[in-house]
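Here is how names work: the chains are called A, B, and so on, in the same order as the sequence lines, proteins then strands, and each is numbered from 1.
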2 protein chains.
Amino acid sequence: MSYAVKAMPRPRSLTAEGIAAAALAVLDRHGTGGLTMRAVAQELGVSTMGLYRYVTDREELEGLVVELVLGAVDPAPPADGTWQERIAALVERVRAAVGAHPAVVPLTMTHRHRSPAILRWSESVAGLLTEAGTDDRQRVVALRGLLAYVIGAIQLEHLGPLAGAGTVAIAGLDPAEFPNLRATAQAARRVPADEEFRGGLALLLAGIGRRGAAT
Amino acid sequence: MSYAVKAMPRPRSLTAEGIAAAALAVLDRHGTGGLTMRAVAQELGVSTMGLYRYVTDREELEGLVVELVLGAVDPAPPADGTWQERIAALVERVRAAVGAHPAVVPLTMTHRHRSPAILRWSESVAGLLTEAGTDDRQRVVALRGLLAYVIGAIQLEHLGPLAGAGTVAIAGLDPAEFPNLRATAQAARRVPADEEFRGGLALLLAGIGRRGAAT
DNA sequence: ACCTGAACACCGTTCAAGT
DNA sequence: ACCTGAACACCGTTCAAGT
């Protein structure tokens with residue numbers, strides 16, 4: 001049996017999934033700025049340069065975490081409900097998956113496009129839009145609009161203190177100069193984030209349902 | 001006249017606007033990754049540390065550029081048109097301003113909240129939403145939805161190759177596995193970015209016009 | 001008061017070397 | 001083949017010093 005031992009190549013000690021999980025752990029623990037090659041290597045109990053045997057780039061590492069997080073999104077459309085409800089459910093799954101790891105938000109932007117999970121998710125949404133009776137052009141606009149909305153809403157929720165402290169500051173603006181904004185911000189403090197997200201989504205879906213919507 | 005000369009403090013050589021303009025020039029020329037304290041200082045003909053006399057942080061520097069770009073947005077609502085048309089015009093001004101300097105896109109996210117320009121812009125949009133007959137809660141949802149849409153759409157347009165090369169790649173997907181997505185991507189190649197943006201915005205405005213939109 | 005250059009503590013990544 | 005440590009070319013920022 002020694003023949004095999006002699007010729008046996010040193011087994012790879014890491015896997016793509018393990019690296020992604022380690023990177024996500026670092027991200028969750030130390031935030032976006034804490035994600036460094038050194039930190040991930042340490043998390044894996046490997047020298048910094050050891051990582052480079054499995055990943056060509058920091059770029060590629062980021063892609064792995066993003067895919068790990070987005071891969072948690074179930075792309076299968078819900079079995080029943082109106083097409084509006086089914087699309088809404090799909091969209092909310094993305095928000096939930098990303099919301100569980102806010103530190104990946106800045107990374108999703110640059111890496112989302114390569115994600116097979118989001119590809120399958122998009123296929124489902126496109127299918128439901130077809131079911132809703134949209135033509136090619138309407139489906140293009142609607143799918144892009146939904147994507148833009150999720151992306152923007154997620155960022156609004158997690159980046160920059162517009163959600164928490166920001167609204168409070170705005171609520172204290174000069175009433176003479178910002179009457180409408182001030183009132184809106186004050187009302188905003190009573191609207192939970194979930195409702196806000198669902199409400200905006202409902203507006204978009206209502207527009208899609210109206211069919212056409214002039215360009 | 002020598003009394004003044006003796007007591008005269010050394011005049012400041014830089015201004016916030018000058019620094020912002022230099023940073024924007026660097027950004028336009030060398031991209032987001034090229035924006036460094038050293039590069040901006042060089043652009044201004046000053047030592048790297050000279051910058052720190054006017055700016056406490058790289059963070060603050062970024063804020064200055066973002067404000068310079070967003071400050072170009074005219075926050076006054078257009079004189080006439082339906083409220084939908086007037087809101088659409090305001091939203092498109094943001095897209096135009098940011099689109100003129102794509103390299104600031106990643107920065108706008110983290111710094112948008114402090115922008116007085118966007119505050120005035122938001123006041124205008126909130127005012128038009130009031131005019132449209134929305135109540136407090138509806139206005140909150142609509143304003144946030146519009147913000148989310150602009151942010152997301154701008155990023156979709158400028159980040160990650162989903163707009164250009166990405167759609168081409170998707171258009172070549174396995175038709176058996178991705179029938180709807182593939183067809184959509186193929187159609188997408190015939191829809192110019194401007195129309196796509198306006199179309200998605202129109203969906204949102206149509207939803208707002210329908211009033212209410214179930215949560 | 002304003003500005004500078006050297007230095008420090010980080011990065012990502014290259015390279016030569018170890019098993 | 002897989003892994004390591006030293007080294008390089010960058011960052012942002014601190015600090016002591018110059019006018």
Whole angstrom value for the distance that separates [atom2] of [N] from [atom1] of [X]:
X        : N       : atom1 : atom2 : result
Gln42(A) : dC10(C) : CD    : C1'   : 14 Å
Leu44(A) : dC2(D)  : CG    : P     : 16 Å
Leu14(B) : dT4(C)  : CG    : C1'   : 14 Å

(message) I need a per-nucleotide contact map over nucleotides 12-19 of chain C, read 5' to 3'. Cutoff is protein heavy atoms under 4.0 Å; write B for the base, S for backbone only, - otherwise.
(response) BBB-----
(message) For Arg182(B), is there an ion pair with Glu177(B) - N to carboxylate O distance below 4.0 angstrom?
(response) no
(request) May I ask you to decide whether Arg137(B) forms a salt bridge with Glu195(A), counting only side-chain N to carboxylate O separations under 4.0 Å? (result) yes
(message) Suppose the criterion is ring-ring contact (aromatic ring centres under 6.0 Å, His included): which pairs have a residue in residues 182-203 of chain B, not counting sequence neighbours?
(response) Tyr149(B)-Phe197(B)
Considering only distance and modelled atom types, tabulate donor-acceptor pairs under 3.5 Å from the side chains of residues 20-27 of chain B, sequence neighbours left out.
none

(request) Any pair with a residue in residues 115-128 of chain B that passes side-chain hydrogen bond (donor to acceptor under 3.5 Å, both in side chains), sequence neighbours left out, goes on the list, sorted by first then second residue, please. (result) Asn180(A)-Glu123(B), Glu67(B)-Ser115(B)
(message) Per the side-chain hydrogen bond (donor to acceptor under 3.5 Å, both in side chains) rule, what does the pair list look like for residues 31-54 of chain A, sequence neighbours excluded?
(response) Arg29(A)-Glu43(A)
(request) Tell me which of Gly34(B) and Ser13(A) sits closer to the 5' end of DNA chain D, going by the nucleotide each one is nearest to. (result) Ser13(A)
(request) Check for a donor-acceptor pair, side chain of Arg93(B) on one end and backbone N or O of Asp74(B) on the other, with a separation under 3.5 Å. (result) yes
(message) Can you tell me how far apart CD (Gln155(A)) and CD1 (Ile151(A)) are? Round to the nearest 0.5 Å.
(response) 7.5 Å
(message) Dot-bracket, 5' to 3', for DNA chain D please: Watson-Crick or G-U pairs under 3.5 Å, [ ] where pairs cross earlier ones, | where the partner sits on another strand, dots elsewhere.
(response) ||.|||||...|||||.||
